[in-house]
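See below for the structure under consideration.
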Amino acid sequence: MAQVAIIGAGHLGVVYAAGLADLGHRVRVVDIDARRVRDLRRGRLWFHEPGLPELLRRVRRRVDFTTDPAEALAQAAFILVCVPTPSGPTGDLDDSMLRAAFDAIRRHVTVDAIVINKSTVPVGTAEGLFTGTGLRVVSSPEFLAEGRAVTDFFHPERIVLGTRDADAGRRVAELFGKLKAPVVHTDGTSAELAKLAANTFLAMKVSFANSLARLAESLGADTDDVTRVLALDPRIGGGHLKAGIGFGGSCLPKDVGAIEHLARDRGVSADLFGAILRVNRDQREHVIARLAEGLGSLVGKRVAVLGLAFKAGTDDTRESAGVYIAERLLTLNALVTVYDPIARIAIVYGATKASATRSALAAARGADAVVIATDWPEFSRLAPPSLAKAMRGDLVIDGPGALDPVAARAAGFRYYGFGRGGRVTAAPAGAGPAPRRSARRRRS
Ligand code: UDX
């Protein structure tokens, strides 16, 4: 059993606190946000992560939360740094919170503690920023995915320990010893680069799948069948090959931006990295173009955006395609309704012209077009005839491939499904009012 301190009670910090406590360690978490600390002490989480509230309840005797760094750090043998490192304007990572964390460690640590950096940092941080400070720092990037973070903590694919201090590496490996995973011992710089490289590779797969979907669509091929063939080759692997509106979230866009920035900075080719981001941006604009093409004009048209979270299983809206599309549509003077099962609208818009609704069908009521932006399972359960009945128009843009294209077309929709069949037919020339649906005409 070890005394562990965690700096930063964000998504990452809280998952690590609960996870390490479950492994038998004693954990103290420090955060500057007094409200967050108060909530966590009462067992309340400010974000959605399946299984985490239950895990926290189970380990509550071994975890506490404080705003006082001295209290958290003084007796700790291990200190995990889990603070945000947001993107700067050119893709560089802002390490000011990281520096503040290290200042606190230098002020308050009294024992020979080992610092484990979990924050995504500019590559070279461990071996540049902290040399000569007397701190023993191990760069141990995390690979938790939101919505699956608890499972990922207990079943990691690998544990990466970046340090030139073999004793520190060995002791951190022991801290996580109960987790059955390959451990990669390396230097700090390689560990930090590995984090950016892993997320960039995942993002590259998504951009590849989206480029492929465009090509499949132009040929009348089915992109899901094509990627199924790829997935069966273990050299390729099936993950992150699903076409859609592109990747979002707090990691993939930021880390690809960071690696592109880094490559430029080092004078090596950043072409591939830049292309990943360009394809991703185009994918979102493609939705707007499809809507404009299908509706004739967007001005005054009612569009429902289903899904604001950047993916299913989370309430995180950072870099979310749904939010991007809703905001773009508002600037183009469309009327926008939005719905998400858990992502809160206030986080997204504040005082806004987009109206939030309580169900997908409520959002779709009277809409000229519906955009499905997130792969929430409940969107796959939407019956196309019910959706058709709720809407005024007949255009559906289906990012995650939630609906069956055949059933959607049978319900009278002009359906666009990202390489899953169906080019959107243009609205009639000079279309002012919403296009009418042929199936509806047949019914009336
Ligand atoms: C990611 C990494 O998976 C994780 O290892 C790392 O530590 C943090 O970044 P996360 O951001 O939670 O995790 O999401 P992830 O599940 O990787 O999805 C990222 C984005 O790609 C989402 O917008 C998702 O919808 C999109 N995506 C994913 C696709 O468009 N297609 C896919 O096949 C998979």
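As the structure is a computational prediction, the values presented were derived from the model and not from experiment. Atom set for the values below is all heavy atoms of this structure, side chains included, hydrogens, waters and symmetry mates excluded. Numbering of ligands and ligand atoms starts at 1, following listing order.
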Checklist line | First-shell residues of ligand 1 [heavy atom, distance under 4.0 Å] | finding: Glu142, Phe143, Leu144, Ala145, Glu146, Lys195, Asn199, Leu202, Val206, His240, Leu241, Lys242, Gly246, Phe247, Gly248, Cys251, Leu252, Phe310, Lys311
Next item on the list: Say whether Lys118 and Ser139, considering side chains only, have a donor N or O and an acceptor N or O under 3.5 Å apart.
Entry: no
Checklist line | Side-chain donor or acceptor of Lys311 paired with backbone N/O of Asp375 under 3.5 Å | finding: no
Check: Is there any ring pair (Phe, Tyr, Trp, His ring centres under 6.0 Å) pair reaching into residues 185-243, and which pairs are they, with sequence neighbours excluded?
Finding: none
Notebook entry, point to check: Looking at Arg58 and Asp22, does any basic side-chain N land under 4.0 Å from a carboxylate oxygen?
Noted result: yes
Check: Hey, is the main chain of Thr163 close enough, under 3.5 Å, to the side chain of Asp187 for a donor-acceptor pair?
Finding: no
Note to self: Looking at Tyr416, I'd like to know if the NZ or CZ of Arg290 sits under 6.0 Å from its six-membered ring centre while staying within 45 degrees of the ring's axis.
What the structure shows: yes
